[in-house]
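Working notes, beginning with the structure itself.
Values in this document were obtained by computation on a predicted structure and should not be read as measured data. Here is how names work: the chains are called A, B, and so on, in the same order as the sequence lines, proteins then strands, and each is numbered from 1.
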There are 4 protein chains.
Amino acid sequence: MDKRDQIIDAAIGLFAEQGFDKTSISAICEKVGVSKGLVFHHFKNKDDLLREVFIKITDIVRNSGERSPAITDPKARLVAYIESIFTAMSVPDYKVLYQLNFNVMVQPATRTLLLDLIEERVLLMRQATEEVFNYMGYKNSAIVSQMFVAEIDGIALNYLFSVEEFPLDEIKTEFIKKYT
Amino acid sequence: MDKRDQIIDAAIGLFAEQGFDKTSISAICEKVGVSKGLVFHHFKNKDDLLREVFIKITDIVRNSGERSPAITDPKARLVAYIESIFTAMSVPDYKVLYQLNFNVMVQPATRTLLLDLIEERVLLMRQATEEVFNYMGYKNSAIVSQMFVAEIDGIALNYLFSVEEFPLDEIKTEFIKKYT
Amino acid sequence: MDKRDQIIDAAIGLFAEQGFDKTSISAICEKVGVSKGLVFHHFKNKDDLLREVFIKITDIVRNSGERSPAITDPKARLVAYIESIFTAMSVPDYKVLYQLNFNVMVQPATRTLLLDLIEERVLLMRQATEEVFNYMGYKNSAIVSQMFVAEIDGIALNYLFSVEEFPLDEIKTEFIKKYT
Amino acid sequence: MDKRDQIIDAAIGLFAEQGFDKTSISAICEKVGVSKGLVFHHFKNKDDLLREVFIKITDIVRNSGERSPAITDPKARLVAYIESIFTAMSVPDYKVLYQLNFNVMVQPATRTLLLDLIEERVLLMRQATEEVFNYMGYKNSAIVSQMFVAEIDGIALNYLFSVEEFPLDEIKTEFIKKYT
DNA sequence: GATGAATGAGAATTCATTCAT
DNA sequence: TATGAATGAATTCTCATTCAT
């Protein structure tokens, strides 16, 4: 794999684990085994690297979402949708992405930096959700899906950052019940 | 007001606005008009200051929550509870606290630092919520209130950090509908 | 002497010897025996240090110029004036200041940075010169003194940066002859 | 034109505008549209490039000076000589060369690097000047021409780097008057 | 001739923290 | 309590230069 890609991947991991600010370029270099110079050869600065990281994550999320099979029953489709989300949340590889996501959205500095990319991603998720709710015949699907997305965010947040064990499965069951 | 308290207050504001990492001790000193020496006279180090900040916020939250009047009707009580939460969210003074809260919880370094205090606060909120659901006769009030808290978190997150305008009132209405 | 002043003095020497760009903060620190941190404690950044250096030099020049005795004969006064300038040029302590001066004025980046201070100093010198020429009864003393100052600059430049030996005394004699 | 020549030309422009130190090889590459590798293929290092730049400028100056027509009257010849110098100073294309010249002569590092080339050029100018003064019958033409060259330098310096408008024409008139 | 990935040395700057006063 | 000089470690970033292709 390309050194440039290796750097991005290492950055994804470290940014997620330690946060953007607490991750030094040196740490990334050590992980990949390249010089600091190379990072600045490929990326204008640290902020630029973060943007590229964010773009790559969005791509991963986008591509992973496309394998939903064609389910015709509206209710079954919603259930499948919710389940795919909860599954993604608990896959180790994806956990990291979620963590990074929150990290970056909540931090004022990084948030500003990525505002356009965040907006793009939010839209992406809202559209996918709205479609499902439309298919179920909701009249106020716009509001409902905005709430739905928010709630999923909250559950992910509590799951990923909970102090004690988080009963994801029970929550999922309850969540599905509420929406069907 | 005590210089010590002034420092804590300034820190709350700056930590919320810029994040813990991006806020330098110097910036706090400038805002309050004291020397760096004084900050380290009152607080062992920057981490210690953050803990004091977090403790003060928990106190504010705790005290603000106690003025709920005794409502006897279960459903009305839940509605009042939800409404008090949504109201708190939108009061400017409290917004800052929420922001700081997310900031600190999502950042691995600060999260570790405050783990015990976070746990205490989470418990506090969960108990208050569980009581309301118990009163409504929920059998699985433990799970439901955990989900409820998570969802509130998500809504707060989306409200506070949304790119576009967030329709808090419509979401509130929909949210109440779902739980009653 | 104050550490701050020591830093400025060391900077004057090194900036003159090596040029502003080629002088690292580390080099200054080594010369004075302080940490890099201290330099940035006293000066906002390297540019700021340069400004303080320039201000100090202007002060030195200003104070050194005031000891001209009251000579009544116009011609004698001009000669004394020219001689004081040529003397200053050749005193080792002052040589450094001249060198730094040229260095900083010719370099686009530093020039821009110091524009206001340079202007102030140029005015200072022009006024002193114009007074002397006025006293001699020149009608176009404005132009003549501007030319005079320019010529002095040129002579200093050639003297300070000449490849071979520069016959300062002969030039002085010739220069005086031309103006009297 | 040769890529090598294009690089030199771009370097002349950038070195003059920003100074040698502040001009990165990358900047030159961008301007010409070539890779960094190519620059180091043609020039041993950045210092070598500067030498080539200086050599090219000396050539330009040398060639431009040769078109002086044969004037027999000594005084007229001096006036023509002075006028050709003042004219050169104000032609935009030449201004850049003068600027670069000062830049490089005053900066200790570059000065050392180019010492032999500078000496050659200084000699060139001094000889041309001395010839004119000899033709006018000056006995001490060596000293006079050294002073003359210095003064011209000073006037150029003040003209090129003056804060306010510099009255080049009036100065020229006055300058000619003084020497005739 | 020509490219561009890769390096390594060094630069400015930031910042928590200590300590003498 | 209160100040502010002083430190040292870490961090981002720049840049000339090399080298395989």
To the nearest angstrom, how far is [X] atom [atom1] from [N] atom [atom2]?
X	N	atom1	atom2	answer
A:I28	F:dA10	CD1	C1'	15 Å
D:L14	F:dA16	CG	P	12 Å
B:N45	E:dC15	CG	P	17 Å
B:I7	E:dA16	CD1	C1'	15 Å
A:K22	F:dT12	NZ	P	12 Å
C:K44	E:dA12	NZ	P	16 Å
D:L49	F:dT17	CG	P	10 Å
C:D48	E:dT13	CG	C1'	13 Å

So, for [X] and [Y], which heavy atoms are closest and what is the spacing to 0.1 Å?
X	Y	result
B:M1	B:Q6	O-OE1, 3.2 Å
B:G13	B:K31	CA-NZ, 4.1 Å
D:R4	D:E52	NH2-OE1, 3.3 Å

- Task: Using only side-chain N and O atoms of A:H42, determine if any of them is under 4.0 Å from OP1 or OP2 of E:dG4.
- Result: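 No, outside the criterion.
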- Task: Output yes when at least one side-chain N/O atom of C:H41 is less than 4.0 Å from OP1 or OP2 of F:dA5, else no.
- Result: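 It does, given that an N or O in the side chain of C:H41 lies less than 4.0 Å from OP1 or OP2 of F:dA5.
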- Message: Go nucleotide by nucleotide along DNA chain E from the 5' end; which of C:S26 and D:K3 gets its closest nucleotide reached first?
- Response: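 With C:S26 and D:K3 compared, the 5'-side residue is D:K3.
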- Could you pick out which residue, C:T23 or A:D2, lies toward the 5' side of DNA chain E when each is mapped onto its nearest nucleotide?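 Result: A:D2.
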- Task: Identify which one of D:I57, D:L160, D:N103 satisfies the side chain to side chain contact (heavy atoms under 4.5 Å, CB included) criterion when paired with D:Y98.
- Result: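 Of D:I57, D:L160, D:N103, side chain to side chain contact (heavy atoms under 4.5 Å, CB included) with D:Y98 is met by D:L160 alone.
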- Query: Can you tell which of D:L114, D:L14, D:L100 makes a side chain to side chain contact (heavy atoms under 4.5 Å, CB included) with D:V53?
  - Reply: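 When side chain to side chain contact (heavy atoms under 4.5 Å, CB included) is applied between D:V53 and each of D:L114, D:L14, D:L100, only D:L100 qualifies.
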- Message: Let me spell it out: for each of B:R4 and A:D47, pick the nucleotide of DNA chain F with the closest heavy atom. Which residue's pick is nearer the 5' end?
- Response: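 So the residue in question is B:R4.
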- Could you check C:L38 against A:G37 and say which one's nearest nucleotide on DNA chain F is further toward the 5' end?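 Of the two residues, C:L38 wins.
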Give one of base, sugar-phosphate or nothing for [X], where a contact means two heavy atoms less than 4.0 Å apart.
X	answer
C:K36	base
B:I25	sugar-phosphate
A:S24	sugar-phosphate

- Mark yes or no: D:R51 above the aromatic ring of D:F43, with NZ or CZ under 6.0 Å from the six-membered ring centre and no more than 45 degrees from the axis.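 Not flagged: D:R51 not positioned over aromatic ring of D:F43.
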- If you draw the axis of the six-membered ring of B:F40, does the NZ or CZ of B:K46 fall within 45° of it and under 6.0 Å from the ring centre?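 Because its charged atom misses either the 6.0 Å distance or the 45° angle limit, B:K46 does not stack over B:F40.
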- Where DNA chain F forms stems, i.e. three or more consecutive Watson-Crick or G-U pairs with both distances under 3.5 Å: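 Consecutive-pair runs (3 or more) involving DNA chain F: E:2-21 with F:2-21.
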[options]: which one has an atom nearest the side-chain heavy atoms of [X]?
X	options	value
B:F40	F:dG8, E:dT13, E:dA16	E:dA16
B:V34	E:dT3, F:dT3, E:dA5	F:dT3
C:K46	E:dA16, F:dA2, E:dT13	E:dT13

- Task: Evaluate the side-chain proximity of C:I28 to C:L49: yes if any heavy-atom separation is below 4.5 Å, no if none is.
- Result: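 Side-chain contact under 4.5 Å: yes.
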